[in-house]
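First the structure, in the form of structure tokens, and then the observations on it.
Counting starts at 1 for both ligands and their atoms, following the listed order. This is a predicted model, so every value here is computed, not measured.
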Amino acid sequence: MRIVAMHVTPIVLGDPPLLNAAGLHAPWCLRTVVELIADNGLTGLAEVPGSAAINAKLDAARAIAVGRDPLNWHPLRAALRAHFGTEAAASRGDKPWDQRALVQVESALDVACLDLAGKHFGVPVATLLGGIVRERVPYSAYLFYKYEGAGGDLAFGTNPQATGWDAGRQAAALDPDGIVAQARAMIAEFGFESIKLKGGCFPPDQEVAAIKALRKAFPGYPLRLDPNALWTVETSIKWGRELEGVLEYLEDPCRTQAGMAAVRQALKTPLATNMCTTSFDDLPGSVRTDSEDIILTDHHFWGGLHASMELAAHCRVFGRGVSMHSNNHGGISLIAMTHLGAAMPNLTYALDTHYPWQWEEIIVGGRVKFENGCVVLPKGPGLGVELDRTALAKAHANFLRAGLTERNDEIEMQKKIPGWKFAQTRWQGA
Ligand code: GKR
Ligand code: MG
């Protein structure tokens, strides 16, 4: 099998006004769909966050991918690295999401090659990753503080006819009651059995109060809080102690492996990260400093599904748990995450997903269904999804209309709060 063409299609999907440590989500989130066409007529799919800079690199990767055998990932990855060079771990940046580019290029090509390989051999991608250890992959309810509004074409307006989770997704959630109401609406719709709250938006006492309200409303549910590294070490220890015995894990309370290691020494609650240990270059430091208990993989940022399996092996050897990070995404990413969740023996936590926050879809059959909080591994070969060309064309037209070139939550926040500035650390002394 040979790759004969590679298509790169930037799209946007509607996104409500969700708050985070870096500001506010725009009414649209950027995604890029990659298609590899093989000489036997098969198509391999992938989806990555994308941006103008990343899409330019994907375009440059075309000349390297075309002509190659998609069954031989390691030589293709080596050719990509020879062309693009290496990418420093530090280029991840200080925002909640990863700003590296090469990891996304590798991820897109790895996933699309695996989709081609699965279709070629007539087996699911999870089989190619080592075999299916679970057919039903559990996800967590990912709660956000948010302003009222729907996003997408409605910008920050709402649709007054909305009911159920559509209404829940539009409602404001700015205090513990709002967060509990959001959790109830999301869980009623999707059946999730564990809960994560995106923090770093309000002073720690308010976010801790929201977690305590969730604990009361959902006894027995594993709970996670993620302040996206905005707390100091002292603040993390103080509020971590307050939540001792309440959280399944505390995610990135503060910055750097040294900071996390200091917090970890002081708390019994496990610490998880997608900000301090985020690349293979970071792993020696993680082992040396004992900076976290759980590493959050994300195939978009670890360089693909194969690379995430490599991370899982490291975690097994060095006694780390594995959970999964997410940014906004559509169904191709959700299904790729599900194959990883189905194949990774030590991915024992419910996976994060932003999927409930979107309502559009670009795959045949429309929105992926959740059963009791789980996505059931698709039966078809490869990823088991196909593109809905009409929906893809609409999402691409929306991309052209939206005029976004990169994610910038600070600029969106400034539209609400003039002069608002991102800070690496907040609430010192709180
Ligand atoms: O989408 O606002 C968001 C999140 O804050 C996201 O950017 C983070 O990368 O979900 C993420 C996390 O777990 O840190
Ligand atoms: Mg996180």
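Here D226 meets the criterion, with an N, O or S atom under 2.8 Å of the Mg ion (ligand 2). Within the coordination shell of the Mg ion (ligand 2), defined by N, O or S atoms under 2.8 Å, N274 is present.
For the pair Q257 (side chain) and D282 (backbone), a donor-acceptor distance under 3.5 Å is present. Side-chain N or O atoms of D115 include one that pairs as donor or acceptor with a backbone N or O of L383 at under 3.5 Å. Remark: the backbone N or O of L13 is not paired with any side-chain donor or acceptor of E360 at under 3.5 angstrom.
Look at K95 and you'll find every heavy atom at least 4.0 Å from all atoms of ligand 1. Using a 4.0 angstrom heavy-atom cutoff, M275 does not count as in contact with ligand 1. Ligand 1 has at least one atom lying under 4.0 Å from a heavy atom of R407.
Of all the heavy atoms in H25 and R407, the pair that sits closest is NE2-NH2, 3.3 Å. Contact between E251 and P227 at its shortest, heavy atoms only, is O-CD, 3.0 Å.
Remark: minimum distance from atom 10 (O) of ligand 1 to any protein heavy atom is reached at Y142 OH, 2.4 Å. At the top of the distance list for atom 7 (O) of ligand 1, counting protein heavy atoms only, stands N327 ND2, 2.9 Å. Protein heavy atom closest to atom 4 (C) of ligand 1, with residue, atom name and distance, is K198 CE, 3.6 Å. If you check which protein heavy atom lies closest to atom 9 (O) of ligand 1, you get H325 NE2, 2.7 Å. Shortest contact from atom 3 (C) of ligand 1 to any protein heavy atom: H25 NE2, 3.2 Å. Closest to atom 14 (O) of ligand 1, if we only count protein heavy atoms, is N228 ND2, 2.8 Å. For atom 1 (O) of ligand 1, the nearest non-hydrogen atom of the protein is H354 NE2, 2.8 Å.
The shortest N/O to N/O separation between N328 and ligand 1 does not fall below 3.5 Å. No N or O atom of L19 sits closer than 3.5 Å to an N or O atom of ligand 1. In terms of polar-atom proximity, defined here as any N/O pair under 3.5 Å, N274 does make such a contact with ligand 1. For ligand 1, the polar-atom distance check against D352 finds no nitrogen or oxygen pair separated by under 3.5 Å.
With a 6.0 Å cutoff to the six-membered ring centre and a 45° limit on the axis angle, R169 does not count as a cation-pi contact of F144. For the pair R426 and F202, the NZ or CZ position fails the cation-pi test of under 6.0 Å to the six-membered ring centre and within 45 degrees of the ring normal.
Between F370 and Y139, the two ring planes are perpendicular [angle over 60°; tilted spans 30° to 60°].
Counting heavy atoms closer than 4.0 Å to ligand 1, residue D226 contributes side-chain atoms (C-beta onward) but none from N, CA, C or O. Only the side chain of K196 comes within contact range of ligand 1, with a heavy atom under 4.0 Å; no backbone atom does. With a 4.0 Å cut-off on non-hydrogen atoms, S326 touches ligand 1 through its backbone and not its side chain.
Shortest distance from the Mg ion (ligand 2) to E251 is reached at OE2 (N/O/S atoms only).
Taking the six-membered ring where the residue is Trp, the centroids of Y349 and Y249 are separated by under 6.0 Å.
Ion pairing between R320 and E292 holds under the 4.0 Å rule for side-chain N and carboxylate O.
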